[in-house]
Amino acid sequence: MVRCILLGLLVAGCAGSIGGGNDDEPGGGGASGGSTGTSGGTGGSGVVSMPSSACAKTGVVPGPAPVVRLTNTEYRNSVRDLLPRVTMPAAGLGLPAEVATQGFLNNAQTQTPSAEVIENVHDNAQTVARAAVADLTKVLPCKPASAADEPACGKQFIQSFGKQAFRRPMTDQELARYNAFFTDAYGKWGFPTSIRMVIEAFLQSPSFLYRLEPGLAPLTGGKVAPLGPYELASRLSYLLTDTMPDAMLMAAADGGKLATPAGLEAEARRLLADARARPAIAAFNAQWLRFDAMDSLVKSPDLYPKFNTAMAASMKDAAVRYVDRIFWDEGRTVDALLGDGHAFVDAALAPIYGVPAPTAMSWVKVDDTQRAGVMTQAGLLAGFAHERTSAPVLRGVLVLDRLLCASPPAPPAGVNTNLPELGPMAKLTTRQQLEMSHRAPECAACHRAIDGVGFGFENFDAVGQWRTTEFGLPVDAHGEIVGTPDANGTFNGAVELARKLGKSQSLRQCLVRHWMAYTFAVTREEVDACAADPVARALSSNGDFREMLVSLVKSDAFRHRPVTP
Amino acid sequence: MKRTLTTRLALSRRQLMHTLGASGAATFLPWLRPRNAAAAGPPTRLLVFWSGSGVPRQTYSFKAAGGGAPTETDFVFPDVRGALNPIKKDLIAFENLDMVSATVDPLTAANAHYAGETHSLSAVSRANRDTAGGPSIDQFVAKSINSPSPVTRLPSLSLTAQVDGNVAATKVCTAGPGQVIALDPSPSNTYKRLFSGVTLPTAMKPAMPAGPTDAQLQNKSVLDLVLADFDAVRTKLGKSEVTKLDAHADAVRDLEKRLGLIAGQSVGSPTAGCADPTMSVLAGTGNRYPATSDLYKANFTAMSKLVQAAFACDLTRVVLLAVSEPIGADWGYTSGNWGTTDAHDLIHKTSYNQGGTLKANADAMKAISNLHDIEARQFAAMLDLLRAVPEADGKTLLDHTIVLWCSQIGEHGHALDYLPWIMAGGSTVGFKPGRYLQYARGADGKGASHSNLFVSIAQAMGVQATTFGNPKTCTGPLDRLRV
């Protein structure tokens with residue numbers, strides 16, 4: 001694949017100094033996070049907008065098109081939708097856990113067809129196929145009146161089931177191969193067994209397990225090919241609903257309606273109105289915003305005696321619901337995501353937000369002089385904190401990496417990444433400790449950017465509760481954004497920080513870049529700036545998340561692939 | 001069925017290219033050497049026992065038994081690993097072993113832990129900021145010894161002994177550049193993979209002695225159709241896409257063989273000590289949150305017994321077992337002790353030279369010593385399990401298992417030099433135990449390359465490798481390691 005030039009993407013170390021970063025970066029290996037004081041950071045430029053003239057000259061910019069295996073969720077949903085009347089095993093369909101790259105679980109390169117994956121797919125195929133043929137009337141499109149009708153019914157089944165499983169009509173060769181297979185099996189083992197074997201094969205076939213996108217004939221120049229209707233249908237369906245195309249989408253592909261941006265748009269809008277889109281979008285948002293940091297939360301019982309696993313579960317549930325509601329029902333814009341003054345609150349979370357305890361998890365107005373948007377949801381603040389203290393470094397990196405695509409590099413080897421040891425009487429605030437620690441020049445260059453953002457959340461303790469003092473000393477939540485194209489400047493506290501971020505085009509560019517990385521199952525560095533540009537413009541001009549997705553689906557990048565040797 | 005040298009070397013072009021592809025940047029031509037001894041006797045296994053933090057360097061100096069400078073054969077483990085002294089005759093320890101490959105990686109890691117995690121087992125420059133650029137040693141060996149045909153029911157096991165089941169951030173096990181294999185945290189799933197459907201010991205006898213069952217014939221027929229699908233789609237795709245699909249198809253072919261669906265193929269030759277550990281091995285195990293001491297111990301014990309059984313029954317010959325840090329309460333850590341934010345913070349603050357502000361605090365260091373003592377006892381317990389299994393040649397499973405205890409970082413401050421790694425077993429393939437191998441630190445400040453250690457291991461496993469990982473930081477087998 002020809003990798004397009006990356007424009008405006010920060011990967012470099014910090015200006016004027018050695019690289020930075022930290023043990024604590026979200027995505028780090030340590031489940032418990034690390035030391036608060038680490039050196040690292042970014043002084044870089046974040047994502048910048050492409051001048052439209054530069055992109056206009058590049059012609060059709062295809063998106064990356066690595067071969068992608070269905071994610072665990074996509075696979076399970078697809079099996080379910082392929083056999084809607086079959087009861088799936090109670091234990092679920094086993095698959096090994098997925099490993100995240102840049103927070104996302106669908107990275108094509110990371111996906112490995114390990115022995116365990118192949119075993120699971122095999123075992124699942126056998127289990128599901130057995131369940132399916134327990135009552136053939138639930139899977140067959142025909143009802144053989146006698147044995148004489150069975151061969152024809154079997155072939156009819158192959159054609160219809162195969163089109164669903166492969167998300168495209170089977171080729172003549174495939175039909176011939178499957179029909180011959182069926183005929184042989186039918187002759188040896190009879191009708192139900194041969195149908196079972198056909199299902200087992202479909203569920204292990206590459207055309208079921210992978211999204212294969214050979215594309216149509218290349219455009220002039222030979223380097224770019226449009227995707228075919230069924231390839232587009234699958235891209236669209238898996239992106240927006242985490243499952244295979246439904247009957248209407250397949251009909252649109254059959255009818256050639258996906259060949260135009262308008263046709264894709266119509267289907268995209270229909271799918272976005274489908275109930276299945278909500279969990280699919282929620283999955284993206286949870287990976288984008290690193291909600292996994294809320295898994296297995298631990299807080300010190302002496303400081304936070306009310307914190308327990310139930311509260312941790314409420315925190316994550318509330319954060320998921322919050323982003324879902326903002327995306328679909330309230331605001332539906334970056335402005336709302338960063339600036340909205342509500343939270344989902346239940347009895348466990350009410351004390352943290354300082355509101356009366358509702359009887360059930362409810363959408364509640366919170367003090368909007370203290371909190372604004374997703375970054376001040378208690379769960380996220382608790383997830384990016386330590387057991388006993390806030391973690392300005394973690395929180396700063398979260399914002400830089402996930403919202404501004406400017407992730408700091410790791411600290412150079414040999415640099416002291418620990419806070420200074422303080423006597424028990426010499427209490428300093430977390431901020432004061434970090435400022436002392438990061439004064440050293442090898443730390444300062446990067447930490448100016450990291451801490452400058454992270455300090456903005458210092459009014460929130462390790463469980464995300466508002467505070468104005470720490471160890472009896474006043475909390476200072478002043479900060480400064482540096483190194484971005486359009487969000488630089490000082491602020492006081494999380495609300496002002498959110499307001500600055502909410503206005504940033506860099507943030508919108510970054511969000512689009514993450515969506516496209518997720519769409520194409522690549523890292524965000526592999527997303528071409530010109531491919532992302534029109535989508536980011538749509539997000540900027542209209543602001544609605546759903547319009548951004550419609551724009552993404554209509555984009556050249558979505559509809560084309562590079563021609564690979 | 002015993003396979004001949006000819007069949008062992010009959011690598012198809014695709015298999016050969018595949019294997020080469022998996023070796024990343026290394027100039028590497030692996031194939032199985034004729035293993036006359038192995039063919040006649042018990043096979044050699046590889047256990048990579050991987051843990052997180054290393055030990056503080058100031059606690060890790062060896063002495064001779066009577067004090068003074070240690071020699072190759074006269075040495076005493078420092079207190080932090082004192083639990084190993086009673087079995088030091090079975091061990092090999094190192095001085096000045098470094099992750100040299102990490103020092104030349106042009107790509108900065110996403111964080112200080114991934115700096116080590118991406119190099120500890122792959123020894124090659126990263127594919128991206130948080131993923132290794134080539135196969136980990138366990139996967140490299142597993143692929144090599146299972147080519148062209150699987151030699152065991154499972155090519156390898158990639159396991160972790162931990163509690164909460166979250167493994168999405170652990171990337172130590174890689175099949176190739178950027179290709180991560182998730183570690184399995186579940187003892188029950190591991191048990192199922194190893195023993196479900198296996199009737200011991202007959203399953204390890206030549207496949208289909210009395211002719212295939214209908215179920216076997218049907219399954220083979222299905223998998224053959226699946227493979228025909230793979231062959232058909234590969235003609236429509238580009239080279240890099242085909243590579244990924246070929247890897248999948250090869251794994252399906254291996255599955256056919258591992259399931260005993262190919263006539264004349266057999267996998268595994270169990271020891272006399274082979275036994276199904278039964279579901280009782282799973283007592284008290286699970287992946288739950290919050291972590292408790294009992295759960296942690298049960299999971300470690302179960303995983304170590306499953307490794308023992310897997311090797312004894314020759315269900316696999318390669319295991320990576322990543323062992324997470326013991327629960328703080330078990331080694332005397334309570335949140336907030338000594339002004340730390342959490343156990344991780346304490347570990348970093350007891351570092352030798354990277355901000356080890358608590359390295360002189362006797363109480364803190366006592367806790368750290370307890371932590372590492374627990375790890376040493378876990379390792380010793382694993383070795384005990386291997387030693388307990390007799391082999392047909394009068395030796396034990398431990399003699400036939402190369403065991404490497406290694407770590408993500410070398411020291412509490414993320415340093416990747418002075419690796420406190422320890423080896424055991426493998427005496428039948430030249431790893432003469434009871435030695436402390438001291439290497440020189442060069443003028444460039446670098447010690448012996450851990451890539452070299454991996455070459456020694458690969459060769460002892462029967463893989464003709466002359467280099468592993470980054471060829472620029474590998475000069476061949478590690479000097480004096482095998483005799």
Side-chain angles (χ1 to χ4, degrees), chain A residues 1 19 21-23 25 27-36 67 96-101 109-110 112-115 118-119 122 173 177 181 185 189 197 200-201 204-207 212 214 292 295-296 298 300 302 309 386-389 409-411 414 416-418 420-422 523 564-565, chain B residues 108-115 117 128 130-131 154-155 164 166-171 175 178-182 184 193 214 218 221-222 225-226 228-230 232-233 236-241 244-245 247-248 251-252 255 289-290 335-336 339 341-345 348-349 354-355 357-358 415:
Chain A
M1 180 200 311
N22 63 88
D23 189 334
E25 198 224 49
S32 62
S35 55
T36 18
V67 61
E98 289 163 316
V99 177
T101 290
Q109 187 182 19
T110 306
T112 306
S114 68
I118 272 65
E119 286 166 34
H122 169 265
Q173 291 91 334
R177 192 158 64 240
F181 169 83
W189 297 297
M197 290 169 64
E200 284 180 30
Q204 296 178 79
S205 173
S207 296
L212 303 175
D292 61 310
D295 296 332
S296 309
V298 175
S300 299
D302 57 327
T309 56
H386 297 299
E387 290 178 19
R388 310 179 66 80
T389 63
N416 175 5
T417 57
N418 295 316
E421 187 57 22
L422 301 165
T523 62
T564 49
Chain B
T108 324
N111 69 46
H113 283 278
Y114 277 142
E117 184 153 326
N128 55 51
D130 53 12
T131 317
L154 300 176
D164 70 9
N166 294 342
V167 295
T170 308
K171 303 187 176 190
Q179 298 164 25
V180 185
I181 294 179
D184 192 340
R193 281 189 80 200
D214 274 0
Q218 289 161 7
S221 176
V222 167
L225 178 60
V226 169
D229 280 2
F230 272 98
V233 295
K236 297 174 181 168
L237 297 165
K239 205 186 301 173
S240 64
E241 295 151 73
K244 183 168 179 176
L245 292 178
H248 189 127
V252 173
L255 181 70
Y289 151 75
S335 175
T341 56
D342 52 26
H344 188 126
D345 191 31
H348 284 318
K349 282 181 173 156
Q354 294 181 34
T357 50
L358 289 170

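Values in this document were obtained by computation on a predicted structure and should not be read as measured data. Throughout, a chain's letter reflects where its sequence line sits, starting with A, and its residues are numbered from 1.
Of the atoms belonging to A228(B), heavy atoms from both backbone and side chain fall under 4.5 Å from chain A. With a 4.5 angstrom heavy-atom cutoff, T131(B) touches chain A only via side-chain atoms. Proximity to chain B (any heavy atom under 4.5 Å) is restricted, for E98(A), to the backbone atoms N, CA, C and O. At a 4.5 Å heavy-atom cutoff, the contact between A100(A) and chain B is made by backbone and side-chain atoms alike. Interface remark: S207(A) contributes side-chain atoms only to the contact with chain B (heavy atom separation under 4.5 Å). For V233(B), the part lying near chain A is the side chain, with the backbone staying farther off; criterion is any non-hydrogen pair under 4.5 Å. Residue contact with chain A, scored on non-hydrogen atoms closer than 4.5 Å, is absent for A115(B).
A donor-acceptor pair under 3.5 Å is formed between the side chain of R388(A) and the backbone N or O of S335(B). Although no hydrogens or angles enter the test, the distance criterion places no donor-acceptor pair under 3.5 Å between the side chain of K236(B) and the main chain of L212(A). Remark: side-chain polar atoms of K244(B) are paired, donor with acceptor, to backbone N or O of V67(A) under 3.5 angstrom.
Summarising the geometry of A201(A) relative to V226(B), their closest heavy-atom pair is O-CG2, 3.7 Å, with the distance given to 0.1 Å. Residues T309(A) and P290(B) share a closest heavy-atom pair of CG2-CD, 3.4 Å.
For the atom pair CD1 of I118(A) and CG of L255(B), the computed distance is 8.0 Å after rounding to the nearest 0.5 Å. Between the CG atom in D342(B) and the OG atom in S300(A) there is a gap of 8.0 Å [rounded to 0.5 Å]. Rounding to the nearest 0.5 Å gives a distance of 9.0 Å between NE2 of H386(A) and NE2 of H344(B). Taken from CG in D295(A) to OH in Y289(B), the straight-line distance is 9.0 Å, to the nearest 0.5 Å.
In this structure, the side chains of R177(A) and D229(B) come closer than 4.5 Å at one or more pairs of heavy atoms. With a 4.5 Å cut-off on side-chain heavy atoms, T564(A) and E241(B) count as touching.
In terms of non-hydrogen atom pairs under 4.5 Å with chain B, the most contact-rich of S114(A), A115(A), P96(A), A185(A) is A115(A). For the set A232(B), P155(B), G336(B), the entry with the most heavy-atom pairs within less than 4.5 Å of chain A is G336(B).
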Walk me through it: do L154(B) and E119(A) pass the test side-chain contact (heavy atoms from CB on, under 4.5 Å)?
CA-CA 10 Å; L154(B) 300 176; E119(A) 286 166 34; 3.0 Å; yes

Between V252(B) and Q204(A), does a side-chain contact (heavy atoms from CB on, under 4.5 Å) hold up when you go through it step by step?
CA-CA 9 Å; V252(B) 173; Q204(A) 296 178 79; 5.7 Å; no

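When the side-chain hydrogen bond (donor to acceptor under 3.5 Å, both in side chains) test is applied to T101(A), the partners found at least two apart in sequence or on another chain are T110(A). Residues satisfying the ring pair (Phe, Tyr, Trp, His ring centres under 6.0 Å) criterion with F230(B), sequence neighbours excluded, are H248(B).
Of the N and O atoms on the side chains of T523(A) and N128(B), not one donor lies less than 3.5 Å from an acceptor on the other residue.
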